[in-house]
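Working notes, structure below.
Keep in mind that the numbers below use all heavy atoms, side chains included, and drop hydrogens, waters and symmetry copies. Below, chain A is the first sequence line, B the second, and so on; all start at residue 1.
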Protein chains: 2
Amino acid sequence: MTADSETSDERSPIGAGSTELRMWVRLLGCAKIGEKRLRRNFEEQFDTTLPRFDVMAALYRVPGGLSMGALSRALLVSNGNVTSIVRQLQVQGLVQSAVDPQDARSAIVSLTKAGRARFLTLAEAHHQWIADVFRDFPPERMATLLELLTDLRSLLSKEN
Amino acid sequence: MTADSETSDERSPIGAGSTELRMWVRLLGCAKIGEKRLRRNFEEQFDTTLPRFDVMAALYRVPGGLSMGALSRALLVSNGNVTSIVRQLQVQGLVQSAVDPQDARSAIVSLTKAGRARFLTLAEAHHQWIADVFRDFPPERMATLLELLTDLRSLLSKEN
DNA sequence: CCGCTTTAGTTTAGGTTTAAAGCAAAAAGG
DNA sequence: CCTTTTTGCTTTAAACCTAAACTAAAGCGG
């Protein structure tokens with residue numbers, strides 16, 4: 001078992017040869033499959049979407065609410081994107097928006113009472129779906145994976 | 001070190017408590033940050049997009065070409081989605097499409113000569129970006145991560 | 001006060017994505 | 001053959017997403 005006897009690679013110039021590349025492709029694949037599942041579940045069972053859930057989750061964690069910019073940074077999405085998602089949640093009465101008294105340009109968005117109740121329902125189901133997927137994953141391996149992903153994230157966040 | 005002494009969880013009903021949930025969130029985060037980087041790089045340096053690169057990569061691996069359906073399954077995206085991406089690549093002269101002699105409904109899409117040359121340029125840069133990101137990741141940890149992600153993917157693919 | 005720059009958000013144009021509806025070729029079943 | 005169903009793909013409607021242009025409030029320097 002030398003360092004180089006994996007599967008193929010050798011002199012093929014491309015073809016997902018190196019370990020980094022395969023790992024990256026696999027990571028993206030896992031994320032994509034999982035997201036697909038979650039999106040379908042949210043759509044079918046609750047008639048909502050993953051991005052809207054993400055916004056609600058971010059707001060739930062901060063009872064005082066967040067500005068649009070803070071939301072955008074928290075969710076890693078563009079500023080303009082948050083605008084439309086928040087607007088939809090607003091139409092549904094799940095979030096409310098109040099002008100920041102310190103800065104009239106900025107609005108503080110927060111969950112309404114209905115929004116908090118709604119989020120708890122969604123989050124419960126969300127947790128259950130995730131737990132189901134990982135039911136057969138040994139806890140010790142899961143801890144290792146969590147640790148490695150944490151390392152990876154700090155690598156990715158560096159030299160952005 | 002009991003089974004339950006991680007960090008918080010306990011009776012907080014939500015808040016990304018369980019290990020599965022945190023792992024999942026971290027995985028999505030890594031994928032998102034990395035994709036953002038790649039997308040920006042492709043945009044800035046080559047004036048193209050990640051999905052277009054994905055299509056070209058899938059076609060590069062199969063010199064004989066792929067049908068639209070095969071492409072869609074390979075890339076885990078919807079059927080209709082492939083249509084527009086292939087059309088754009090076709091306009092740029094990077095892929096060509098020929099009617100399947102066995103089935104007149106189906107078209108076999110393949111890279112043109114220009115498309116292959118273009119892909120090699122893109123893939124070289126892509127590989128370099130990935131290698132840069134993982135430069136400081138110890139090879140042994142990378143191998144572990146690859147293995148764990150492979151396990152995870154098979155869990156995710158099951159009971160779809 | 002008055003310009004200049006910065007900052008917070010929205011709007012716009014364009015690309016990605018899906019599900020659902022539609023279309024046409026193929027296959028199946030009399 | 002001819003009808004029905006299935007299958008491969010495209011189109012459409014709607015959501016998501018980004019970058020870039022824009023608006024408006026703050027802040028800063030005179």
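Not counting sequence neighbours, the partners of B:Thr150 by the side chain to side chain donor-acceptor pair (under 3.5 Å) test are A:Arg26.
Running 5' to 3' along DNA chain D, contacts with non-hydrogen atoms of chain B at under 4.0 Å begin and end at D:dT7 to D:dT18.
One interatomic measurement links the two molecules: CD1 of A:Ile33 to P of C:dT18, which rounds to 13 Å at whole-angstrom precision.
In terms of heavy atoms, B:Leu111 sits closest to B:Arg116 at O-NH1, 3.4 Å.
Here A:Leu155 contributes atom CG and B:Ile33 contributes atom CD1; the two are 11.0 Å apart, rounded to the nearest 0.5 Å. If you take CE on B:Met68 and CG on B:Asp100, they are separated by 13.0 Å, rounding to the nearest 0.5 Å. One finds the CD atom of A:Gln90 at 12.0 Å from the OG atom of A:Ser84 (value rounded to the nearest 0.5 Å).
Ring geometry, B:Phe42 versus B:Trp129: the interplanar angle exceeds 60°, so the pair is classed perpendicular (tilted spans 30 to 60°).
Mapped onto DNA chain D by nearest heavy atom, A:Gln88 and A:Asp100 fall at different nucleotides, with A:Gln88 at the one closer to the 5' end.
Residues A:Ile85 and A:Leu76 fall within the same hydrophobic cluster, defined by Ile, Leu, Val, Met, Phe, Trp and Tyr side chains chained together at heavy-atom separations under 4.5 Å. In this structure, B:Val99 is not a member of the same hydrophobic cluster as B:Ile108, with clusters built from ILVMFWY side-chain heavy atoms closer than 4.5 Å.
Contact annotation: the side chain of A:Val109 never approaches that of A:Leu66 to less than 4.5 Å [non-hydrogen atoms, C-beta and beyond]. Considering only heavy atoms from C-beta on, A:Leu27 comes within 4.5 Å of B:Cys30 through its side chain. In this structure, the side chains of B:Leu145 and B:Phe137 come closer than 4.5 Å at one or more pairs of heavy atoms.
Each end of the helix from C:dC1-D:dG30 to C:dG30-D:dC1 gets its own rotation axis from five pairs of C1' atoms, and the angle between them is 10° to the nearest 10 degrees.
If you check residues 47-54 of chain B against DNA chain C, the residues with a heavy atom closer than 4.0 Å are B:Thr49, B:Pro51, B:Arg52, listed by number.
A salt bridge is absent between A:Arg40 and A:Glu35; no separation between the charged side-chain nitrogens and carboxylate oxygens falls under 4.0 Å.
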Show me the donor-acceptor pairs within less than 3.5 Å that the side chains of residues 45-55 of chain A make with the rest of the protein, sequence neighbours left out.
from: A:Thr49; atom 1: OG1; to: A:Arg52; atom 2: N; distance (Å): 3.4
from: A:Arg52; atom 1: NH1; to: A:Gln88; atom 2: OE1; distance (Å): 2.1

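The residue A:Leu76 sits close only to the backbone: its heavy atoms come under 4.0 Å of sugar-phosphate atoms, none of a base. Using a 4.0 Å heavy-atom cutoff across all strands shown, A:Glu43 reaches no nucleic acid atom at all.
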Pick out the pairs of N or O atoms, protein on one side and nucleotides 8-12 of chain C on the other, that lie under 3.5 Å.
from: C:dA8; atom 1: O3'; to: A:Ser106; atom 2: OG; distance (Å): 3.4
from: C:dG9; atom 1: OP1; to: A:Met68; atom 2: N; distance (Å): 3.3
from: C:dG9; atom 1: OP1; to: A:Ser106; atom 2: OG; distance (Å): 2.6
from: C:dG9; atom 1: OP2; to: A:Gly69; atom 2: N; distance (Å): 2.7
from: C:dT10; atom 1: OP2; to: A:Thr83; atom 2: OG1; distance (Å): 2.5
from: C:dT11; atom 1: OP2; to: A:Arg87; atom 2: NH1; distance (Å): 3.1
from: C:dT11; atom 1: OP2; to: A:Arg87; atom 2: NH2; distance (Å): 3.4

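An OP1 or OP2 oxygen of C:dT17 is reached within less than 4.0 angstrom by no side-chain nitrogen or oxygen of A:Lys36.
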